[in-house]
Participant: 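I have a structure here, written as structure tokens, and I will follow up with some questions on it.
Treat the numbers as computed from the prediction; the structure is a model and nothing was measured.
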Amino acid sequence: MIPCELEDDAQLLWEFQRMGHAPRPCSVVLGLGSHDLGVADVAVSLYRGGFAPLIVFSGATSATTRERMPRGEAVHYRERALALGVPGDAVLVETRARNTGENIRFSRELLAARGPDVASVLLVSKPYEERRAYATALRGWPGVDVVCASSPLALDAYAEEIGDVRLVLDMLVGAVQRLLVYPALGFTAEQDVPPAVADAYRRLRDRGFTGRLVPEPG
């Protein structure tokens, strides 16, 4: 469970990241690699629901996935999809990406080589990174309609499922920090970050949830 003294700030960041998009038919489902195998489950649910004819999973490994997913995030996601009954020819993998920008760029290249043109993407991420993934896709894949999706779990239930409250809080803080600093670096499109969200981010950061922060320019 999220500690009571942190709950309000964490909930504010959590709700800010959720884009609230309703699923609609798209050219492809793109599942962004991470430690969370639930991303693959959401992608499979969208495929089964007829929202796209193809799934792409993107991701190599990172410090948080090296032990959990030694064969690579995209490979483990694909194995999960196949175990859930998705046909093998409906699941592509991109195995080089080590950050969200590379997820978008390398998946875009993979799909461009395969054809036909992609007009829209159902972008599946962890719940606390929907907005950051959206902002990254807007910058890295202009002209494509981006619809976000993630697990519908509430914050406490999600943290319990992941089994690591500190990791979830670190990730929440890191995702908001990137929205604040990445636009100036050309990594993401600008997103309006309300003052209350920025204040909650700073309070959690100052409480020591810094494990996923990136160096800031200047």
Side-chain angles (χ1 to χ4, degrees), residues 1-21 31-39 42 59-69 73 97-104 123-140 148-218:
M1 297 287 288
I2 305 296
C4 292
E5 67 273 17
L6 306 176
E7 191 169 7
D8 287 347
D9 285 341
Q11 187 66 36
L12 191 57
L13 299 194
W14 176 267
E15 292 174 359
F16 174 65
Q17 285 288 339
R18 306 300 284 264
M19 296 297 295
H21 292 169
L32 304 182
S34 72
H35 62 273
D36 182 2
L37 202 57
V39 172
V42 173
T61 58
S62 69
T64 58
T65 63
R66 198 167 293 119
E67 293 185 4
R68 299 185 191 204
M69 301 180 181
E73 297 154 5
R98 296 186 181 276
N99 57 57
T100 309
E102 290 184 351
N103 289 140
I104 300 300
L123 189 62
V124 185
S125 67
K126 301 183 293 296
Y128 49 78
E129 290 188 342
E130 272 195 32
R131 187 174 296 274
R132 182 169 78 83
Y134 178 74
T136 305
L138 290 184
R139 174 68 69 182
C148 292
S150 66
S151 168
L153 289 175
L155 173 56
D156 273 335
Y158 184 82
E160 183 176 357
E161 181 176 274
I162 294 299
D164 190 336
V165 169
R166 171 162 286 276
L167 175 63
V168 172
L169 292 175
D170 277 345
M171 290 282 195
L172 269 171
V173 170
V176 174
Q177 184 216 23
R178 285 160 175 77
L179 287 174
L180 293 168
V181 304
Y182 274 6
L185 299 174
F187 296 162
T188 66
E190 192 81 40
Q191 294 286 293
D192 179 42
V193 180
V197 172
D199 288 344
Y201 151 74
R202 283 188 285 268
R203 284 192 293 269
L204 289 172
R205 180 198 62 192
D206 293 346
R207 291 290 294 266
F209 295 99
T210 58
R212 295 295 294 174
L213 295 185
V214 296
E216 298 195 13

Participant: I'd like to know whether Leu13 forms a side chain to side chain contact (heavy atoms under 4.5 Å, CB included) with Leu204, so could you lay out the CA-CA distance, the side-chain angles of the two residues, the decisive distance to 0.1 Å, and finally the verdict.
Facilitator: CA-CA 10 Å; Leu13 299 194; Leu204 289 172; 3.7 Å; yes
Participant: Side chain of Thr136, backbone of Arg132: donor and acceptor closer than 3.5 Å?
Facilitator: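 Present.
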Participant: State whether the number of non-hydrogen atoms from other residues, nucleotides or ligands found under 6.0 Å of Glu67 atom CD is greater than 12.
Facilitator: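 12 or below, so no.
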Participant: Tell me the closest heavy-atom pair linking Gly174 and Leu213, and the distance in Å.
Facilitator: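 That closest heavy-atom pairing would be CA-CD2, 4.2 Å.
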Participant: Check step by step if side chain to side chain contact (heavy atoms under 4.5 Å, CB included) holds for Thr210 and Val173.
Facilitator: CA-CA 7 Å; Thr210 58; Val173 170; over 6 Å; no
Participant: Who passes side-chain contact (heavy atoms from CB on, under 4.5 Å) against Glu7, sequence neighbours left out?
Facilitator: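 For Glu7, the residues satisfying side-chain contact (heavy atoms from CB on, under 4.5 Å) (neighbours in sequence not counted) are Ile2, Asp156.
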Participant: Would you name the heavy atoms of Leu32 and Ser125 that are closest together and state the gap between them?
Facilitator: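 Residues Leu32 and Ser125, closest heavy atoms: CD1-CB, 4.1 Å.
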Participant: Grab the two heavy atoms, one from Ser62 and one from Thr65, that are nearest each other, plus how far apart they are.
Facilitator: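 Shortest heavy-atom contact: N-OG1, 2.8 Å.
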Participant: Under 4.5 Å between any side-chain heavy atoms of Leu6 and Leu169, yes or no?
Facilitator: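 Answer yes - side chains close enough.
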Participant: Could you pull out all residues at least two apart from Ser150 that satisfy side-chain contact (heavy atoms from CB on, under 4.5 Å)?
Facilitator: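 Per chain and number, Ser150 pairs via side-chain contact (heavy atoms from CB on, under 4.5 Å) with Arg18, Pro127, Glu130.
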Participant: At their closest point, which heavy atom of Val39 faces which heavy atom of Gly31, and how far apart are they?
Facilitator: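 Result for this residue pair: CG1-CA, 4.1 Å.
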Participant: Say whether, by atom type as modelled, one donor and one acceptor occur between the side chain of Gln177 and the main chain of Val214 under 3.5 angstrom.
Facilitator: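 Yes.
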Participant: Listed by chain and number, what are the side-chain contact (heavy atoms from CB on, under 4.5 Å) partners of Arg131, not counting sequence neighbours?
Facilitator: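 Applying side-chain contact (heavy atoms from CB on, under 4.5 Å) to Arg131 gives Phe16, Gln17, Met19, Leu179, Gln191.
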Participant: Any non-hydrogen side-chain atom of Leu155 less than 4.5 Å from a side-chain atom of Val168?
Facilitator: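 Leu155 vs Val168: side chains touch.
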Participant: Is there a side-chain contact between Val165 and Met1, using heavy atoms and a 4.5 Å cut-off?
Facilitator: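 A side-chain contact is absent here, since even the closest heavy-atom pair is not under 4.5 Å.
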Participant: Side chains of Ile162 and His35, heavy atoms from C-beta outward: is any pair under 4.5 Å?
Facilitator: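 Contact flag for Ile162/His35 side chains = yes.
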Participant: With a 4.5 Å limit on heavy-atom distance, are the side chains of Arg98 and Thr61 in contact?
Facilitator: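 Side chain of Arg98 against side chain of Thr61, heavy atoms only: contact under 4.5 Å found.
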Participant: Using the test ring pair (Phe, Tyr, Trp, His ring centres under 6.0 Å), find all partners of Tyr158 that sit at least two apart in sequence or belong to another chain.
Facilitator: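 Testing Tyr158 for ring pair (Phe, Tyr, Trp, His ring centres under 6.0 Å), a comparison that skips the adjacent residues, returns Trp14, Tyr128.
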Participant: Working to the nearest 0.5 angstrom, can you tell me the gap between Leu138 CG and Glu190 CD?
Facilitator: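 CD of Glu190 is found 11.5 Å from CG of Leu138.
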Participant: Could you tell me which non-hydrogen atom of Leu172 sits nearest to which non-hydrogen atom of Ala10, and how far apart they are?
Facilitator: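 In terms of heavy atoms, the two residues are closest at CD1-O, 3.8 Å.
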Participant: Does Arg139 reach the side chain of Tyr182, with side-chain heavy atoms less than 4.5 Å apart?
Facilitator: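 A side-chain contact under 4.5 Å is absent here.
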Participant: I'd like a table of donor-acceptor pairs (distance under 3.5 Å, sequence neighbours excluded) in which one partner is a side-chain atom from residues 192-203, with atom names and distances.
Facilitator:
unit_1 : atom_1 : unit_2 : atom_2 : d
Asp199 : OD1    : Arg202 : NH2    : 2.7
Arg203 : NE     : Asp9   : OD1    : 3.3
Arg203 : NE     : Asp9   : OD2    : 2.9
Arg203 : NH2    : Asp9   : OD1    : 2.8

Participant: Indicate yes or no: at least one non-hydrogen side-chain atom of Leu37 is less than 4.5 angstrom from one of Met69.
Facilitator: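 The answer is yes, as the side chains (C-beta and beyond) meet within the 4.5 Å cut-off.
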Participant: Mind checking what makes side-chain contact (heavy atoms from CB on, under 4.5 Å) contact with Asp170, not counting sequence neighbours?
Facilitator: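 Asp170: side-chain contact (heavy atoms from CB on, under 4.5 Å) contacts with Arg166, Phe209, Arg212.
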Participant: Please name the pair of heavy atoms, one in Thr100 and one in Ala133, separated by the smallest distance, quoted to 0.1 Å.
Facilitator: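 That would be CG2-CA, 4.2 Å.
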